[in-house]
Every structure is written in structure tokens, then in C-alpha cells.
Amino acid sequence: MIRIYDTLTNSNKDFQTVSGGKDVKMYSCGLTVQDSPHIGHMRALITADIVRRVLIKEGYDVFSVYNFTDIDDKLIEKMKNGEDYRILAQRNIDEFMKYMKIMNVLDFNVYPRATNHIQEIIELIDSLLKKGFAYESEGDVYFRVSKFKDYGKLSGKNTKDLIEGKRVEINENKESPLDFVLWKSAKDKEPYWHSPFGKGRPGWHIECSAMSIKYLGETFDIHTGGEDLIFPHHENEIAQSECSTGKQFAKFWVHNGMVNLKGEKMSKSIGNVFKAKDILSKWHPNVVRLYLLKTQYRKSIEFSEERLDEAQSAHSRMRNALNGEKKNADKDFYFEKFSDALRDDFNTPQAIGYIFDAVNEINQNSPDSPQIRSEILKMLDILGFKNEEATKQSHDAELIELLMDVREDARKDKNYRLSDKIRDRLKDMKVILSDSKEGVKWKTED
RNA sequence: GGCGGUAUAGCCAAGUGGUAAGGCGACGGUCUGCAAAACCGUUAUUCUCCAGUUCAAAUCUGGAUGCCGCCUCCA
């Protein structure tokens, strides 16, 4: 049984599928593609990845959707720089897909985009209008929050407090300051689509309702995203969807914590972002993954180069232990505990702790080392680490072994000037030699 | 001000009633031509603070304080 912390109930719940069977439908809130992805996006992505990997490991059949919101105010704002929003969106999507591959994230089944679902969005708005949950005003269409009595159930907010909060924007077109826009009329030179409500574009939130219902059904199992989306984004998705369908929207709401920089949330608007591109040019994807998984997904993480370097050291320790004979395990001592940890709300830090317990047993020259190595490989695979064994069989391996052979001859002749030169030069090329009792070993540096 | 979360060693981080996992770092030792890796040992009598429940609390209850997120676009 998998336990998942659900934001809707603020509690851990046993996971059960809507269907009662083994098929899981999951929606992950992706990017608004106004900018290139940063480490915070990577965290949300890795969270969605781990959720799916654990479900799959537990025998579930997961159908997952990752969306791109490719039209919004920020994107239009950026058009002032002379670039069409479609080009900009495509570039950021391409970049995202590239880093997703590099990070070894499982493919999602569908990657829908808002602009490809205008028809579905219009139909959804139309049904809300017909049922009285929405109204037209000056070419815009708004959701009538007062009509949905459950409004605030996800974020724990109540409408009275929200109105009293001084941050709600004043907009004369709205009946209430809490109402949010479903369809936004197009101003001069803005991109637009035709609709029964006039020329315009979808508001933020409605695309996710339309696309999740289309691909996953009116009620689905899991909805994931960053915790900063709880309000208003996910709250509004619930309002739109449940008012339209009359059914519960998502059963489990999974929200990941923020990546902070100097104690403050990393965000596009503050401008304190570390891009995925820059991080992955400096650290191996497995190291980045370890850095992210070393903290439970719901906690905030402090971003710093030191944290990444620390993950790199820990990662090397893990890899070093894998050097050696492997044999498929007939016992699963660590693996069982590891699995228990993951079933408990995806407790990756604890699961990783068990991997290091296994590493330590190998390093103490346990007779079971070959089996434990296989067990570790299995665990790393479930956590989505790329298997680096393949690297060792690469084209360069034979040349490296030749140089090692020459170095051994030099060492036998006590020609340490030459032997150290070979070792140093290989090190410059990120190939590390180490002399051990079992002979000389080599590995590549991350 | 409201809602939610969180507070554990030098740093990071698990642990939700039975006596503090794991990682990084540091120090001492072993091994080595020298390194690297690895091993052995040391590094929280104690979990923000106060009060309470209990045979037993980091874990439960009440209160205080700090930090973070949301209440405005955000993963």
C-alpha cells in the first residue's frame, strides 16, 4: 500500500485508484513557457518522475500528462521584444524536453498545449456559462466564485478572508474581486482566437481543466505541481472543473516544496533563478537528481553550489562501491526497506539512506558484495538514476586500459615520473586511477 | 492580519510513543613509492523554548518564538 500526502485533506492517505484497479491517471502542471526552465522546474519534474516510478514499481499502469501553457500575459508581454510568442514558446518547450531527457525523466504519455485545445476550453467555458457559474462582461468571461460553495477547500482559504486581504485586484468588470477570468478579450495587436464570447484568449487555469478532463476524464487520480500553485491555480481548476462536471476533480493533490536561494523562493519574477542549462553544464544529471532526492519532496531546499558539490561527493561514494563483480540477488534485504520508504509518501531521503547502508556493507568487504551491488543497481534504477555501467564499455575503455598497462610497467621499474604523468594526464581528462589491493581501477569523474 | 508548512550535530537530512538512519565536512590511525579510494576510531546523553499527558516523548496535547510558502504572475 502506498501512502501519499494529499493537500486536499492535509493528511497522508492510502492510495487507491478511482477505477479500483491498477490504472492510474495523473496530471502534472507544467510550465508557462515564457522562459527557459530553472532548477525549481526540475524539482517539480523530478517529483512527478518519482511518483510515477514508484507507482510503476508497485505494479500500477500509469497514464501521465504534462502540460505546457503556451499563451499567457507574460508571453504576450515578451512579444514587445519583437519575437512571436509561438517561436518563444517553442524554443522553451524544446529546451525543456532536452533537459528532461538529460535528467532521465520518464516520458509522459501526452504533452498537451493550451493553444491546441482552444475548442475544448471554449466548450468548458460555455458549459459554465450555461450553468450560471460564469458570466460575460465587456468581452471577458469570469468565473462566479460565490456560486461554488467549496471554493477554498484545497488551499484552506475562505472567501471572507480573501476579500479582506488587501491584495485582491480591483476590476470593475467583475461582480466580485474573487472572480477570475476564463476568457480574456483581445486588445490591440494581441493574439486571439474566435469564440462565442468574442475574440480573445483563455485565462490562466482553464487550460488545465480542459486538458486534464480531455485526457484523463472528469475524475482522475493524481494531480501534481509546485506548492506555489495551490492558490489560486489549483483552487481555480477545482472550481471550474467540478462546477462543470458536477464530480470530484482530482483525488490526490501532490505538491512539491520550493527551491530557495538565500532563504528566498527562486522565481522568475524575483529574478534569482538558476537555469537548468547552467546547472547541468556543471554537474552530472545523476548528481543533480541525487541533490534533489536527498530532501523529501515536500520540504523546501536551499540551492547552493556547495549542496551540489556535496551531492557529487556522495554520488562518487555510491559509484565506487559499484565497481566490481555483480550477481543477481536472491535476497532483498536492503531493497525491501528501500521500497517501504518509497511507499511512505515517496521518502527518498530514507530510501537513499538504505542505499548507503548497502554501500557501507560492500566497502567492508562483505562476502555478499556481488549481490548487494545488483541490489543497489536495482534501487538506483527505480530512483531514475542513469546507469553509468555502459560508460565503462565505451570506445575509450581499451585505450585507457592500455595506458594503465604502460603505467604498471613504469611503476615496476620505479619510473614514478612517467607513471605519475600518465595518472595526472588521465586525471586531466577526467579519468581517475586508483591503486587498490585488487589491482588498479579506473573510473570517470562526473 | 488569514491559511498552510517547518524547527534534529559544523553543514545537509531521515526518524510521528520504546530510548537519535544516512550523506557531506573535520580530526586521529591503517593501507600506499606518493596519491586516490577504502577501512577503523572520534565528532547530538540529545532533538527551538516553556508547561502538560504517559512507565516511557524528537515523536502526543497546550502555549511561545524563529524561518518558509500562499493570500499578486510563479514549479
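A note on names: the letters A, B, ... follow the listed sequences, proteins ahead of strands, and every chain is numbered from 1. Any value given below was found using the heavy atoms of this structure, including those in side chains, with hydrogens, waters and symmetry copies removed. Not measured: the values here are computed from a predicted model.
Side-chain atoms of A/R417 stay outside donor-acceptor range of the base of B/rC34, with no qualifying N/O pair under 3.5 Å. Put simply, the side chain of A/D344 and the base of B/rG15 share no donor and acceptor less than 3.5 Å apart.
Comparing atom distances between the A/T32 side chain and each of B/rC24, B/rA75, B/rC71 picks out B/rA75 as nearest. For A/L162, counting side-chain heavy atoms from C-beta on, the closest listed nucleotide (B/rC68, B/rC71, B/rG23) is B/rC71. Closest approach to the A/M266 side chain among B/rA75, B/rC34, B/rC73 is made by B/rA75 (side chain taken as heavy atoms from C-beta onward). When distances are taken from the side chain of A/C29 to each of B/rA14, B/rA75, B/rG23, the shortest belongs to B/rA75. Side-chain proximity of A/R411 to B/rA75, B/rC12, B/rC34: nearest is B/rC34. The side chain of A/P349 has B/rA14 as its nearest neighbour among B/rA14, B/rC24, B/rC68.
Residues A/D6 and A/K13 are paired through a salt bridge, judged by an N-O separation under 4.0 Å between the basic side chain and the carboxylate.
Stacking between A/Y354 and B/rG22 is absent: the ring centroid is not both under 5.5 Å from the six-membered base ring centre and under 30° in plane angle.
Looking at heavy-atom distances under 4.0 Å, A/F356 makes contact with sugar-phosphate atoms alone, never a base. When heavy atoms are screened at a 4.0 angstrom cut-off, A/T224 is found touching no nucleic acid atom at all. Residue contacts shown for A/D72 are absent, as no nucleic acid heavy atom lies under 4.0 Å away. A/G152 comes within 4.0 angstrom of nothing in the nucleic acid, heavy atoms only. Residue-level contact check: A/Q296 touches the backbone only, with heavy atoms under 4.0 Å from sugar-phosphate atoms and none from bases. The residue A/R407 sits close to a base: some heavy atom pair falls under 4.0 Å. A/G225 comes within 4.0 angstrom of sugar-phosphate atoms only, judged by non-hydrogen atoms across all strands, and of no base. As judged by a 4.0 angstrom heavy-atom cut-off over every strand, A/E264 is placed among residues touching the sugar-phosphate backbone only. Within the nucleic acid shown, A/H255 has no heavy atom closer than 4.0 Å to any nucleic acid atom. Heavy atoms of A/S267 sit under 4.0 angstrom from at least one base atom. Across all strands shown, A/L229 has heavy atoms under 4.0 Å from sugar-phosphate atoms exclusively, and none from any base.
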Please encode protein proximity along nucleotides 2-10 of chain B as a string of B, S and -, counting only heavy-atom distances under 4.0 Å.
BSSSSS---

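Outside the 6.0 Å centre-distance limit, the rings of A/F338 and A/Y354 are not counted as a close aromatic pair.
Between A/Y111 and A/F68, the ring planes lie parallel to each other; the angle is under 30°, not in the 30° to 60° tilted range.
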Nucleotides 36-39 of chain B: which of its N/O atoms have a protein N/O under 3.5 Å away?
| unit_1 | atom_1 | unit_2 | atom_2 | d |
| --- | --- | --- | --- | --- |
| B/rA36 | N1 | A/D435 | O | 2.6 |
| B/rA37 | O3' | A/N320 | ND2 | 3.4 |
| B/rA38 | O3' | A/N363 | ND2 | 3.4 |
| B/rA38 | O2' | A/N363 | O | 3.4 |
| B/rC39 | OP1 | A/N363 | ND2 | 3.3 |

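With sequence neighbours excluded, the residues forming a salt bridge (Lys or Arg N to Asp or Glu O under 4.0 Å) with A/D35 are A/K78, listed by chain and number.
The nearest whole Å value for the distance from the OH atom in A/Y334 to the P atom in B/rA21 is 15 Å.
A/E190 has its side chain within reach of A/R201: a pair of non-hydrogen atoms, C-beta onward, lies under 4.5 Å apart.
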